[in-house]
K.L.:
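Here's a structure for you.
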Amino acid sequence: RHMEIYNDLSALGSEITKLTGISRIIVVKGDADESPETQVHLGVEAGRCLQSLLSPNTTVTVTGGSSTASMASHLASVPFDVTFTPARGGLGEDMIHQANFIVAKMAEYTGGRYEALYVPDQVSEQTYQNLIQEPAIHSVLDQIKSADIVVHGIGNANKMANRRKTDAAVKKLLHEKAAVGEAFGYYFDKKGNIVYKVRTIGLQREDVMTKKHIIAVAGGASKATAIAAYLKIAPEQTVLITDEAVAKQLLKAF
Ligand code: BG6
């Protein structure tokens with residue numbers, strides 16, 4: 001393919017949108033791995049995309065990660081009620097990567113509300129069953145399931161497993177099953193087969209499938225394989241905000 005014709009990023013975006021079959025791919029200049037500016041642009045574009053979908057009483061459920069975090073600070077105040085919920089319970093991440101922290105930021109910037117979800121990472125089946133019966137937790141879970149919009153990141157399987165301090169047995173399994181990517185706690189291989197799922201409450205893949213709006217934000221050449229794999233199973237209503245480095249790899253992969 002003649003990549004030189006894609007100096008125009010929106011043409012590149014349209015081309016890979018067609019190839020991948022999702023709703024829309026927005027491409028920002030550069031490579032987020034190399035340039036902090038590109039990382040900022042991803043946040044700006046993703047923020048703009050979310051902002052355009054907000055209307056009175058919109059509910060948004062958001063995963064953790066540095067990409068969703070960078071979008072939070074680019075949201076502007078809205079003159080109506082919106083509510084943000086963390087998409088899933090504890091996934092073992094550091095505080096700054098946690099969805100609870102990011103939804104608080106999003107609520108601060110939009111002037112909206114947020115709900116926190118306090119779920120420990122490793123709980124027994126019994127504790128888990130008891131927790132989901134708790135009225136406070138139950139009510140947040142209902143809001144997550146009924147949210148109008150999902151915002152999530154896409155990560156590298158290895159990187160995410162390390163960041164979450166995943167135990168050795170699970171890491172071995174991810175390796176054996178050739179996991180390449182991860183999104184909202186689901187790990188998948190190159191073909192998009194789900195090979196492992198972090199057990200926690202909140203948004204499940206079947207809930208994502210039925211959402212009206214899904215915004216995925218992920219960039220950086222090192223994530224290209226993960227993103228290409230995820231796009232094989234991404235619901236078609238997904239809008240992806242990514243960068244040029246990934247977009248060029250997608251052009252080759254599809
Ligand atoms: C996690 C999300 O917190 O962050 C995942 O649950 C996502 O959906 C991951 O894959 C990506 O993190 P980052 O920092 O690369 O945006």
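On a predicted model such as this, the values are computed, not experimentally measured, just so you know. For ligands, and for the atoms within them, numbers begin at 1 and follow the listed sequence.
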K.L.:
Is any N or O atom of Gly155, backbone or side chain, closer than 3.5 Å to an N or O atom of ligand 1?
P.N.:
yes
K.L.:
What protein heavy atom lies closest to atom 12 (O) of ligand 1? Include the residue and the distance to one decimal.
P.N.:
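Checking every protein heavy atom, the shortest distance to atom 12 (O) of ligand 1 gives Arg163 NH2, 3.2 Å.
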K.L.:
Specify side chain, backbone, both or neither for Gln39, according to which of its non-hydrogen atoms lie closer than 4.0 Å to ligand 1.
P.N.:
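For Gln39, no heavy atom sits under 4.0 Å from ligand 1.
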K.L.:
For ligand 1, which atoms sit closer than 4.0 Å to a heavy atom of Ile154?
P.N.:
7 (C), 10 (O)
K.L.:
Among all protein heavy atoms in this structure, tell me which lies nearest to atom 15 (O) of ligand 1, with the distance rounded to 0.1 Å.
P.N.:
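Of the protein heavy atoms, Lys223 NZ, 2.7 Å lies nearest.
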K.L.:
Can you tell which of Arg164, Lys197, Arg163 makes a side chain to side chain donor-acceptor pair (under 3.5 Å) with Glu182?
P.N.:
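Going through the options one by one, the only one that passes is Arg164.
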K.L.:
Looking only at distances, can you tell me whether any N or O atom of Leu91, backbone or side chain, sits closer than 3.5 Å to an N or O atom of ligand 1?
P.N.:
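No - when backbone and side-chain N and O of Leu91 are compared with those of ligand 1, no distance drops under 3.5 Å.
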K.L.:
How far is atom 10 (O) of ligand 1 from its nearest protein heavy atom, and which residue and atom is that?
P.N.:
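Heavy-atom neighbour on the protein nearest atom 10 (O) of ligand 1: Glu182 OE1, 2.5 Å.
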K.L.:
Do any nitrogen or oxygen atoms of Gly153 come within less than 3.5 Å of a nitrogen or oxygen of ligand 1?
P.N.:
yes
K.L.:
What protein heavy atom sits nearest atom 6 (O) of ligand 1, and how far off is it?
P.N.:
Arg164 NH2, 3.4 Å
K.L.:
Would you verify whether the NZ or CZ of Arg205 falls within 45 degrees of the ring axis of Phe184 while also being under 6.0 Å from that six-membered ring's centre?
P.N.:
no
K.L.:
Between Asn156 and Ser222, is there a side-chain heavy-atom distance shorter than 4.5 Å?
P.N.:
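They are in contact (side-chain heavy atoms under 4.5 Å apart), so the answer is yes.
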K.L.:
Determine the minimum heavy-atom distance between Gly153 and Thr68, stating which atoms define it.
P.N.:
N-CG2, 4.1 Å
K.L.:
Test your reading of the structure: does Thr68 have an N or O sitting under 3.5 Å from an N or O of ligand 1?
P.N.:
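No, since none of the N or O atoms of Thr68 sits under 3.5 Å from an N or O of ligand 1.
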K.L.:
Number the atoms of ligand 1 from 1 as they appear, then name those within less than 4.0 Å of a heavy atom of Gly64, with their elements.
P.N.:
1 (C), 2 (C), 3 (O), 4 (O)
K.L.:
Hydrophobic clusters here meaning ILVMFWY residues chained together by side-chain heavy-atom distances under 4.5 Å, can you tell me if Leu42 and Leu75 are in one?
P.N.:
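Per the 4.5 Å side-chain linkage, Leu42 and Leu75 are co-clustered.
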K.L.:
State whether Lys105 and Glu108 are salt-bridged, where the test is any N-O pair (Lys NZ or Arg NE/NH1/NH2 against Asp/Glu carboxylate O) under 4.0 Å.
P.N.:
no
K.L.:
If you take the centroid of each ring, where Trp contributes its six-membered ring, are His152 and Tyr186 closer together than 6.0 Å?
P.N.:
no
K.L.:
Is the shortest side-chain heavy-atom distance between Val150 and Leu203 below 4.5 Å?
P.N.:
yes
K.L.:
Quick one: look up the protein heavy atom nearest atom 8 (O) of ligand 1 and list residue, atom name and how far away it is.
P.N.:
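Checked against all protein heavy atoms, atom 8 (O) of ligand 1 sits closest to Phe184 N, 2.8 Å.
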K.L.:
Atom 16 (O) of ligand 1: which protein heavy atom is closest, and how many Å away?
P.N.:
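The closest one turns out to be Ser67 OG, 2.6 Å.
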K.L.:
Does ligand 1 have any atom that is closer than 4.0 Å to a heavy atom of Lys159?
P.N.:
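No, Lys159 has no heavy atom closer than 4.0 Å to ligand 1.
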K.L.:
Any salt bridge linking Lys248 with Asp243? Criterion: basic side-chain nitrogen under 4.0 Å from a carboxylate oxygen.
P.N.:
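Salt bridge flag = no for Asp243 with Lys248.
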K.L.:
Judging by distance only, is a nitrogen or oxygen of Glu93 under 3.5 angstrom from one on ligand 1?
P.N.:
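N/O-N/O distance below 3.5 Å exists for this pair.
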K.L.:
Could you tell me whether some N/O pair between Ser66 and ligand 1 is separated by less than 3.5 angstrom?
P.N.:
yes
K.L.:
Is the contact between Met71 and ligand 1 made by the side chain, the backbone, both, or neither, using heavy atoms and a 4.0 Å cut-off?
P.N.:
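Within the 4.0 Å criterion, Met71 makes no contact with ligand 1.
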K.L.:
At a non-hydrogen distance cut-off of under 4.0 Å, which region of Thr63 contacts ligand 1 (side chain, backbone, both, or neither)?
P.N.:
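It is the side chain that touches ligand 1; the backbone stays farther off.
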K.L.:
Taking a hydrophobic cluster as the set of Ile, Leu, Val, Met, Phe, Trp and Tyr residues connected by side-chain heavy atoms closer than 4.5 Å, whether directly or through intermediates, do Val239 and Ile149 fall within one such cluster?
P.N.:
yes
K.L.:
Taking the side chain as every heavy atom from C-beta outward, state whether Met71 and Leu50 have any pair of such atoms under 4.5 Å apart.
P.N.:
yes
